[in-house]
Amino acid sequence: MGDLLLVRHGETAWSLTGQHTSWTELPLTGNGRAQARSLGPLLTSHRIAAVLCSPRLRARETAALAGLGSPRLDEDLSEWDYGAYEGVTTAEIQRERPDWFLFRDGVAAGPPEHPGESPEQVGARADRVLAKADAALAQEEGSVVLVAHGHYLRVLTARRLGLSPSSGALFQLATGTVGRLSTEHGRPVLAAWNVRPPS
């Protein structure tokens with residue numbers, strides 16, 4: 001069975017400022033585009049069975065610039081719905097909720113179309129994506145690439161490793177990087193993390 005290659009999209013203006021970004025459509029910065037392009041050789045050195053991508057612009061742009069062709073868009077790969085915390089930084093939230101921690105507490109409710117998600121809800125979406133990835137791995141030889149977002153991919157990694165969604169807190173993930181989830185003796189393992197091509 002092949003590996004899962006996790007690609008966090010390149011830098012955006014809000015990833016630079018630390019603003020929580022789920023549904024807001026932001027393009028990559030110039031640096032973010034360069035990050036995405038640099039991932040191409042790293043990814044194409046693997047035999048790729050399938051590419052699944054978040055429908056958000058920053059993820060689609062990253063996939064295109066990394067040379068990943070026409071990925072299958074999947075809403076289940078969207079970033080954590082931050083509800084009322086969309087566009088807000090952790091420091092701003094903690095002025096009112098000093099002990100707030102996303103991976104434990106989730107978010108404050110937002111508008112009806114973006115009510116926010118708990119860690120468990122994000123984990124349920126990650127489990128659905130993992131089932132789809134496993135189906136693709138069973139059908140074709142090669143690895144499955146998932147192009148998505150920082151907090152979401154951290155939760156997905158925790159779930160792949162048999163951990164709770166809140167354990168995603170353990171896996172800090174930078175923009176424009178690749179993680180690799182593999183197996184050892186039939187068990188899931190973290191094989192590589194925050195990988196960038198050599199400069």
Side-chain angles (χ1 to χ4, degrees), residues 2-82 85-91 102-103 122 125-126 129-130 133 136 142-158 160 168-182 190-199:
D3 294 336
L4 293 181
L5 302 176
L6 312 183
V7 178
R8 184 180 175 194
H9 64 76
E11 177 190 274
T12 68
W14 281 14
S15 71
L16 267 179
T17 56
Q19 292 168 265
H20 289 88
T21 321
S22 49
W23 68 85
T24 302
E25 291 288 28
L26 295 173
L28 301 179
T29 62
N31 183 53
R33 289 190 296 276
Q35 287 176 335
R37 278 191 293 270
S38 77
L39 295 177
L42 189 64
L43 294 167
T44 55
S45 67
H46 296 265
R47 181 171 178 169
I48 296 174
V51 181
L52 305 178
C53 182
S54 162
R56 301 290 80 78
L57 172 64
R58 57 199 184 274
R60 289 185 284 113
E61 232 186 318
T62 298
L65 290 168
L68 292 172
S70 301
R72 193 169 92 208
L73 302 183
D74 191 326
E75 278 290 343
D76 277 338
L77 279 163
S78 297
E79 180 60 293
W80 196 313
D81 183 334
Y82 295 122
Y85 294 158
E86 181 77 358
V88 183
T89 68
T90 296
L102 174 66
F103 288 95
V122 179
R125 286 199 288 116
V129 167
L130 289 169
S143 296
V144 170
V145 180
L146 304 177
V147 185
H149 311 271
H151 285 144
Y152 175 84
L153 287 173
R154 292 168 68 174
V155 171
L156 181 138
T157 297
R160 185 59 156 193
L170 301 172
F171 305 103
Q172 188 272 337
L173 186 61
T175 56
T177 60
V178 176
R180 183 165 62 91
L181 302 179
S182 190
L190 180 63
W193 199 248
N194 271 326
V195 176
R196 281 198 175 108
S199 44

_Under the criterion salt bridge (Lys or Arg N to Asp or Glu O under 4.0 Å), I'd like the reasoning laid out for Glu79 against Arg56: C-alpha separation, chi angles, the key distance, then a yes or no._
CA-CA 9 Å; Glu79 180 60 293; Arg56 301 290 80 78; over 6 Å; no
Side-chain donor-acceptor distances from residues 61-71 under 3.5 Å, at least two apart:
unit_1, atom_1, unit_2, atom_2, d
Glu61, OE1, Leu28, N, 3.0
Thr62, OG1, Gly10, N, 3.1
Thr62, OG1, Arg58, O, 2.8

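- Taking 4.5 Å as the limit, some side-chain heavy atom of Arg154 sits within range of a side-chain heavy atom of Phe103.
- Taken from CZ in Arg60 to OG in Ser54, the straight-line distance is 8.5 Å, to the nearest 0.5 Å.
- Side-chain contact between Phe171 and Asn194 is absent, with no heavy atoms from C-beta onward closer than 4.5 Å.
- Across all non-hydrogen atoms, the minimal contact from Thr29 to Thr12 is CG2-C, 3.5 Å.
- Residue-environment remark: CZ (Arg196) exceeds the threshold of 12 foreign heavy atoms within 6.0 Å.
- Ser38 and Pro41 make their closest contact through O-CD, 3.5 Å (heavy atoms, listed as atom of the first residue, atom of the second, distance).
- Distance alone, capped at 3.5 Å, is enough to place a donor-acceptor pair between the Ser45 side chain and the Leu42 backbone.
- Judged by distance alone, the side chain of Ser143 and the main-chain N or O of Asp3 form a donor-acceptor pair under 3.5 Å.
- Going from atom NE2 of His151 over to atom CG of Asp81 covers 13.5 Å, rounded to the nearest 0.5 Å.
- In terms of the salt bridge (charged side-chain N to carboxylate O under 4.0 Å, His left out) criterion, residue partners of Arg125 (sequence neighbours excluded) are, by chain and number, Glu117.
- Glu11 contributes no side-chain N or O that, together with a main-chain N or O of Gln35, makes up a donor-acceptor pair within less than 3.5 Å.
- In this structure, CD1 in Ile48 is found 7.0 Å from CG in Leu5, a value given to the nearest 0.5 Å.
- For Asp76, the salt bridge (charged side-chain N to carboxylate O under 4.0 Å, His left out) partners at least two apart in sequence or on another chain are Arg128, Lys132.
- Cys53 and Leu77 get closest at one heavy-atom pair: N-CD1, 3.5 Å.
- Here the side chains of Leu173 and Trp193 are in contact, with some heavy-atom distance below 4.5 Å.
- Side-chain atoms of Arg8 never come within 3.5 Å of backbone atoms of Leu153 as a donor-acceptor pair (strictly under, hydrogens ignored).
- The shortest distance between side-chain heavy atoms of Trp14 and Glu86 falls below 4.5 Å.
- For the residue pair Thr89 / Gln19, no side-chain donor-acceptor distance below 3.5 Å is found, with atom types taken as modelled.
- Annotation: side chain of Leu156 is in contact with side chain of Leu181 (closest heavy-atom distance under 4.5 Å).
- Residues Glu75 and Pro55 approach most closely at OE2-CG, 3.4 Å, considering heavy atoms.
- The shortest non-hydrogen separation linking Ser22 to Tyr82 is OG-N, 3.4 Å.
- Under the 4.5 Å side-chain criterion, counting only non-hydrogen atoms from C-beta, Trp80 is not in contact with Tyr85.
- Here the OG1-CZ distance, from Thr44 to Arg47, works out to 14.5 Å after rounding to the nearest 0.5 Å.
- Put simply, the side chain of Leu52 does not reach to within 4.5 Å of the side chain of Val147, judged on heavy atoms.
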*Verify side-chain contact (heavy atoms from CB on, under 4.5 Å) between Leu146 and Val7, making sure each step is shown before the conclusion.*
CA-CA 6 Å; Leu146 304 177; Val7 178; over 6 Å; no
